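Following: one structure in structure tokens, then a few remarks.
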Amino acid sequence: MNIIEKVKYQINEEITAAFSRLKERGEIEFEQLPEFVLEVPREKSHGDFATNIAMLLTKQAKKNPREIAGLLVGEMDPQKTEIDRMEIAGPGFVNFHLQDQWLQNVIPLVLEQQDDYGRGDYGKGKKVMIEFVSANPTGLLHMGNARGAALGDSLSNIMNFAGYSVDKEFYINDAGNQIENFGKSLEARYFELLGKDFPFPEEGYHGEDIKETVQRIINTYGDSLLNDEHRVEKLTEVALQEKLGAIKHDLESFGVVYDNWYSEKSLHESGQIQETIKFLKEKDLVYENEGALWFKTSAFVEEKDEVIQRSNGIPTYFAADIAYHKDKFSRGYDLLINIWGADHHGHVARMKGAMEAIGHDPESLQVIIMQLVRLFRGKDIVRMSKRTGKYITLNELVDEVGKDAARYFFAMRSPDSHLDFDLELAKSESSDNPVYYVQYGHARICSIIKATGQEDFAVSPEALGVLQAEEERLLLRKIADFPEEVRLSAKHMEPHKLAIYAHDLAGLFHSFYNNCKVIGSEPQVMEARLGLVVATKITLKNILTMLGVHAPERM
RNA sequence: GUGCCUGUAGCUCAGCUGGAUAGAGCAUCGGACUUCUAAUCCGAGGGUCAGGGGUUCGAAUCCCUUCAGGCACGCCA
């Protein structure tokens, strides 16, 4: 239990106890204590915590809220908590002001836990798989993939930190129609680059990178494939290898390393897809119509039924995806998280239905839908399309904006936001990028530590008592909040909460920095402040690490 | 037409299971470097939380509805 949780728990217990004593003595009437909240007031003059319980009890107790609040305040025993004083405010809130000490204790804790400060056991070791990016290996990664990569990687770090056991997986779509198109496009380019006439397929991939890939194949194999009947297969295989290698490389340079890469093709070859279809047939969830096999999506969700095997006998992507998720569960995962672009949201309901069909709680599949990224260069929108081959790649993004800025930029926005990414702005005003604000805080602290010449130091509890300035208290409080922020960020699967927290924390530090000298202060003050800034540094670093952003020693 | 996402300051966005006077960055204006890093800080201005109903002690948050934008509705993935 972290510091905040502990204090809240104590106060909660004492509120409950106080009301049951009041009830026993007949001073108040209620059947059952309503679910109340103990929250952190926005306004700091309202104390460290506040509860709304008095307002919630009015009907049952037939008393006005301020009267109820008065009873509570009179009955609560501050000895059992770290409460310094209580007050009744507004319509009937009870505000709790805590003793200074409870917050100061956070500093020795952070100094002791170091890289582990903020780590929790909220996830209880639950096995989680996060599948993200999973882009077609027919081209390079674009901005949407970059967003997914930043999100998925940060989320997995955060959930690991919060006590889950998370694996990251990339699903390789190396089967199906788009691969056929890919093969045909390769074939056409192959002929073309060898000076032969060949029609370019209508739905082909026009990307320049494909031409380059084919040119490399020609450099290696020459024109030996011209008369090879397995020409398309061979071209496809070589090109896929190359594309996949590039994808892997680009992701690594973005700080994203997967635990596993899973091939869709392997699902076809192992027979798992047919097994899955058979399984569904046996459950009477599949029927035939016009030569195709349909899955009864409508039995689970309000969707129309969906084809899982085409009349030509080839299973659809949906069938493969069901088999894939069946496989994920069979590997022992308790929770599956998928990160998809908004253009796939229509797939969510039927996948959840399918999870039910294969015997799993639909809620054990969580799909995070992220809205699309619109790319701008100044005022001009840059259209992204793999088919026409005009798009900015992840690689180019990293080259242009830098890994840290790109990762932070994506991480700090809710997946629900339709985000406009202006490359020119990100480039030209890079010093205004929020990531520098946070990193600068870290660098400044490193600089202070260096100036003291101290490597290791302890902080005595007595010294911490001197931390009374507003800037010091706010910073302390923010640091104490960190484990709770991690927990909430993991619980709601929202990495952007931590990015925003990091920005707030850095802001409080910068204010502190401008108002409170560390070096050159009274020895005791310096000792306490040094403890405070080191705790800040540790916290900042732990967040940046989770977000995949470098925490620089100097800038 | 149906479904999902979005609409909060000039711009980009936060706002946790409903809480007290709606926040931050950028931009604008005015201040602070003989100092542990000015990539910083302090202050000011800037709002019909898209509009309208409802739920209640209390709504940016929940429900209904209208409007606007994005996305999806295939024997594609």
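To find a chain, count down the sequence lines: A is the first, B the second, and so on, and within it residues start at 1. Just so you know, these numbers come straight off a predicted model, no measurement behind them. Any value given below was found using the heavy atoms of this structure, including those in side chains, with hydrogens, waters and symmetry copies removed.
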Quick one: is A:Tyr513 getting a side-chain N or O under 4.0 Å of the B:A38 phosphate, OP1 or OP2? yes

Charged tip of A:Arg310 within 45° of A:Phe318 ring normal and under 6.0 Å: no

Counting only side-chain nitrogens and oxygens, does A:His496 get under 4.0 Å of the OP1 or OP2 atom of B:G15? yes

Base paired to B:A72 (Watson-Crick or G-U; both N/O distances under 3.5 angstrom): B:U2

A:Glu302 near the nucleic acid: base, sugar-phosphate alone, or nothing, with a heavy-atom cut-off under 4.0 Å? nothing

Are any of A:Arg66's side-chain N or O atoms less than 4.0 Å away from OP1 or OP2 of B:C57? no

Hey, is NZ on A:Lys541 packed in by over 12 heavy atoms from elsewhere, all under 6.0 Å? no

Measuring to OP1 and OP2 of B:A77, would you say a side-chain N or O of A:Arg310 lies under 4.0 angstrom away? yes

Could you work out which one of B:C75, B:C13, B:C36 sits closest to the side chain of A:Val307? B:C75

Let's go through A:Asp305 and A:Lys296 carefully: what are the C-alpha distance in whole Å and the side-chain angles of both, what is the deciding distance for salt bridge (Lys or Arg N to Asp or Glu O under 4.0 Å) to 0.1 Å, and is it a yes or a no? CA-CA 5 Å; A:Asp305 293 343; A:Lys296 288 184 187 170; over 6 Å; no

Paired to B:G43 by Watson-Crick or G-U wobble criteria (both distances under 3.5 Å) is B:C29

P-based separation of B:A24 from B:A68 [nearest Å]: 34 Å

How long is the line joining NE2 of A:His492 and C1' of B:U17, in whole Å? 7 Å

Taking only the P atom of each, what is the distance from B:U34 to B:G25 in whole angstrom? 25 Å

Identify whether any heavy atom of A:Asp416 sits under 4.0 Å from a base atom; if not, whether one sits that close to sugar-phosphate; answer base, sugar-phosphate or nothing. sugar-phosphate

Within the structure shown, what part of the strands sits under 4.0 Å from A:Ala292 by heavy-atom distance: base, sugar-phosphate, or nothing? base

Nearest-angstrom distance from the residue atom OH of A:Tyr408 to P of B:A14: 13 Å

Looking at every strand, decide which applies to A:Leu56 at a 4.0 Å heavy-atom threshold: base, sugar-phosphate, or nothing. base

Looking at A:Phe295, is A:Arg350 sitting on its ring face, NZ or CZ under 6.0 Å from the six-membered ring centre and within 45 degrees of the normal? no

Give none if B:U35 has no partner; otherwise give the nucleotide forming a Watson-Crick or G-U wobble pair with it, both distances under 3.5 Å. none

Taking atom C1' of B:G23 as reference, at what distance in whole Å does atom NZ of A:Lys497 sit? 15 Å

Check whether any side-chain nitrogen or oxygen of A:Tyr437 sits under 4.0 Å from OP1 or OP2 of B:C41, and answer yes or no. yes

On the nucleotide B:U56, are OP1 or OP2 found under 4.0 Å from the side-chain N or O atoms that A:Lys59 carries? no

Is any side-chain N or O of A:Arg350 closer than 4.0 Å to OP1 or OP2 of B:C73? no

Find the distance A:Tyr317:OH to B:G74:C1' and express it as a whole number of Å. 15 Å

Would A:Phe93 count as stacked on B:A20 if the rule is ring centres under 5.5 Å and plane angle under 30°? yes

Rounded to whole Å, please give me the gap between CZ in A:Phe182 and P in B:A77. 17 Å

B:G46 and B:G10: how far apart are their P atoms, nearest whole angstrom? 11 Å

Pairing check on B:G23: which nucleotide meets the Watson-Crick or G-U wobble criteria with it, both distances under 3.5 Å? B:C13

Is there a donor N/O on one and an acceptor N/O on the other, under 3.5 Å, for the side chain of A:Thr58 and the base of B:C57? no

Separation of the P atoms in B:G31 and B:C36, to the nearest angstrom: 25 Å

Separation between the P atoms of B:C57 and B:G15, rounded to whole Å: 28 Å

Nearest-Å distance, OH (A:Tyr440) to P (B:A38)? 5 Å

Under 4.0 Å, heavy atoms only, any strand: does A:Lys304 hit a base, just the sugar-phosphate, or nothing? sugar-phosphate

N or O in side chain of A:Thr452 less than 4.0 angstrom from B:C36 OP1/OP2: no

State whether the aromatic ring of A:His418 stacks on the base of B:G70, taking stacking to mean ring centres under 5.5 Å apart and ring planes under 30° to each other. no

What side-chain donor-acceptor pairs closer than 3.5 Å can you find for residues 529-538 of chain A, not counting sequence neighbours?
unit_1	atom_1	unit_2	atom_2	d
A:Arg529	NE	A:Glu472	OE2	2.6
A:Arg529	NH1	A:Lys517	O	2.7
A:Arg529	NH2	A:Glu472	OE2	3.2
A:Thr536	OG1	A:Leu532	O	2.8

Tell me, with the steps shown, if A:Glu484 and A:Arg487 meet salt bridge (Lys or Arg N to Asp or Glu O under 4.0 Å). CA-CA 5 Å; A:Glu484 189 65 0; A:Arg487 190 181 73 81; 2.9 Å; yes

Mind checking who B:C62 pairs with, Watson-Crick or G-U wobble, both distances under 3.5 Å? B:G54

Write down the distance separating the P atoms in B:A9 and B:A22, rounded off to the nearest Å. 14 Å

Report which part of the nucleic acid A:Cys516 touches: base, sugar-phosphate, or nothing (heavy-atom distance under 4.0 Å, all strands). base

Using the P atom as the point on both nucleotides, what is the distance between B:G45 and B:A50, in whole Å? 24 Å

Closest to the A:Leu488 side chain, choosing from B:C71, B:C16, B:C36: B:C16

Does OP1 or OP2 of B:A39 have a side-chain N or O of A:Tyr436 closer than 4.0 Å? no

On the nucleotide B:G15, are OP1 or OP2 found under 4.0 Å from the side-chain N or O atoms that A:Arg42 carries? no

When you compare B:G23 with B:U8, how far apart are their C1' atoms, in angstrom units rounded to a whole number? 10 Å

Counting any heavy atom closer than 4.0 Å, what does A:Asp305 reach on the DNA or RNA strands: base, sugar-phosphate only, or nothing? nothing

Around atom NZ of A:Lys403, are there more than 12 heavy atoms of other residues, nucleotides or ligands at under 6.0 Å? yes

Would one find a side-chain N or O of A:Asn514 under 4.0 angstrom from OP1 or OP2 of B:C41? no

Could you tell me whether A:Asp420 contacts a base, only the sugar-phosphate backbone, or nothing, with contacts defined as non-hydrogen atoms closer than 4.0 Å? sugar-phosphate

Note: A:Ala319 and A:Ile308 closest approach over all heavy atoms is CB-O, 3.3 Å

Quick one, A:Glu131 with A:Lys328, criterion salt bridge (Lys or Arg N to Asp or Glu O under 4.0 Å). Give me CA distance, side-chain angles, the key distance, then yes/no. CA-CA 10 Å; A:Glu131 181 216 321; A:Lys328 286 184 184 176; 2.8 Å; yes

